[in-house]
Amino acid sequence: MKKVLFATLATLALSASAIEVGVNGTRDYSGAADRTGYGVTLGKKFGAFGVEAGYNRFIQGGNDQDRYSLVGSQDITKVGPVTVALKGGVAYLMNQTGADGYAVTAGLGGSVPVAKNLAATLDWRRQQGQKNVNAFDGNQISAGLKYSF
């Protein structure tokens, strides 16, 4: 999974058109206790379609988690300045304790420009994992900023 994410990041970085780099804070509502996380993303838009590779770090007592994701998006509507997108993808969950594994994600995201190349983002996603990581199934909300160059 790490090799696929690295190859995606390299392809995005070498592409001729605009790249989006983002930072986010995430709240994970899954498992026995809610967790807070932070992350970075690297993405590219192709008209109304986008692709994004991400890394999030979740902190929960003695069971921290690294989450690597690859997500596709499709803009579905625009409400005033807000662009709403349908999102879906895969994630690899690496747990400090316990088993690692894969999960699928689906959700919605919103983006509103706040400056020429800067946008505020808000995403909701539902995660469903394979048996060894299904304790982390649930909802995640993230808010952040993306810079396009």
Side-chain angles (χ1 to χ4, degrees), residues 1-76 82-112 117-149:
M1 181 66 171
K2 288 182 188 179
K3 290 179 184 179
V4 171
L5 287 174
F6 179 75
T8 301
L9 292 173
T11 302
L12 291 173
L14 296 174
S15 299
S17 58
I19 302 288
E20 297 177 339
V21 176
V23 294
N24 66 59
T26 303
R27 187 70 174 164
D28 181 13
Y29 299 96
S30 64
D34 299 341
R35 298 177 302 162
T36 301
Y38 54 90
V40 295
T41 60
L42 180 62
K44 182 169 175 61
K45 291 289 276 187
F46 304 92
F49 178 75
V51 65
E52 179 179 277
Y55 166 78
N56 282 82
R57 174 83 172 159
F58 291 100
I59 303 163
Q60 181 187 11
N63 189 15
D64 294 351
Q65 182 184 80
D66 293 320
R67 183 179 186 275
Y68 300 91
S69 61
L70 186 59
V71 176
S73 66
Q74 175 68 44
D75 295 349
I76 55 174
V82 180
T83 301
V84 179
L86 185 62
K87 297 185 172 195
V90 296
Y92 182 70
L93 312 175
M94 286 180 49
N95 296 299
Q96 184 177 349
T97 60
D100 300 340
Y102 292 92
V104 295
T105 63
L108 292 171
S111 176
V112 61
N117 293 333
L118 188 66
T121 62
L122 182 64
D123 287 354
W124 163 79
R125 64 182 162 257
R126 175 77 182 168
Q127 177 173 285
Q128 196 73 29
Q130 62 187 146
K131 184 178 179 182
N132 51 335
V133 293
N134 66 3
F136 302 103
D137 291 355
N139 296 309
Q140 294 176 354
I141 305 282
S142 67
L145 294 171
K146 282 189 181 179
Y147 183 78
S148 300
F149 58 96

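Values below: every heavy atom of this structure, side chains too, minus hydrogens, waters and symmetry copies.
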How about [X] and [Y]: do any of their side-chain heavy atoms sit closer than 4.5 Å?
X      : Y      : value
Arg67  : Phe58  : yes
Val90  : Thr105 : no
Ser142 : Arg27  : no
Leu93  : Tyr102 : no
Gln65  : Arg57  : no
Ile59  : Tyr38  : yes
Met94  : Tyr68  : yes
Phe46  : Val51  : yes

Notebook entry, point to check: Where the side chain of Asp100 meets the backbone of Asn95, is there a donor-acceptor pair that is under 3.5 Å apart?
Noted result: yes
Check: Are the side chain of Ser69 and the backbone N or O of Ala91 linked by a donor-acceptor pair below 3.5 Å?
Finding: no
Taking every non-hydrogen atom, the tightest pair across [X] and [Y]:
X      : Y      : value
Lys87  : Gly109 : CE-CA, 4.2 Å
Phe136 : Gln127 : O-NE2, 3.1 Å
Val133 : Gly101 : CG1-N, 3.4 Å

In Å, rounded to the nearest 0.5 Å, how long is the span from [atom1] of [X] to [atom2] of [Y]?
X     : Y      : atom1 : atom2 : result
Tyr92 : Asp66  : OH    : CG    : 10.5 Å
Gln96 : Asp64  : CD    : CG    : 4.5 Å
Ser30 : Asn134 : OG    : CG    : 10.5 Å

Check: Tyr55 and Thr41: side-chain contact (heavy atoms from CB on, under 4.5 Å), yes or no, with the steps?
Finding: CA-CA 6 Å; Tyr55 166 78; Thr41 60; over 6 Å; no
Check: Between Lys146 and Glu52, does a salt bridge (Lys or Arg N to Asp or Glu O under 4.0 Å) hold up when you go through it step by step?
Finding: CA-CA 11 Å; Lys146 282 189 181 179; Glu52 179 179 277; 2.6 Å; yes
Next item on the list: Run the salt-bridge test on Asp137 and Arg126 with the 4.0 Å N-O cut-off and return the result as yes or no.
Entry: no
Notebook entry, point to check: Can you tell which of Leu122, Thr26, Asp123, Asp28 makes a side chain to side chain contact (heavy atoms under 4.5 Å, CB included) with Ile141?
Noted result: Leu122
Note to self: Checking side chain to side chain contact (heavy atoms under 4.5 Å, CB included) between Asn24 and each of Thr121, Val40, Asn56, which is the one that passes?
What the structure shows: Asn56
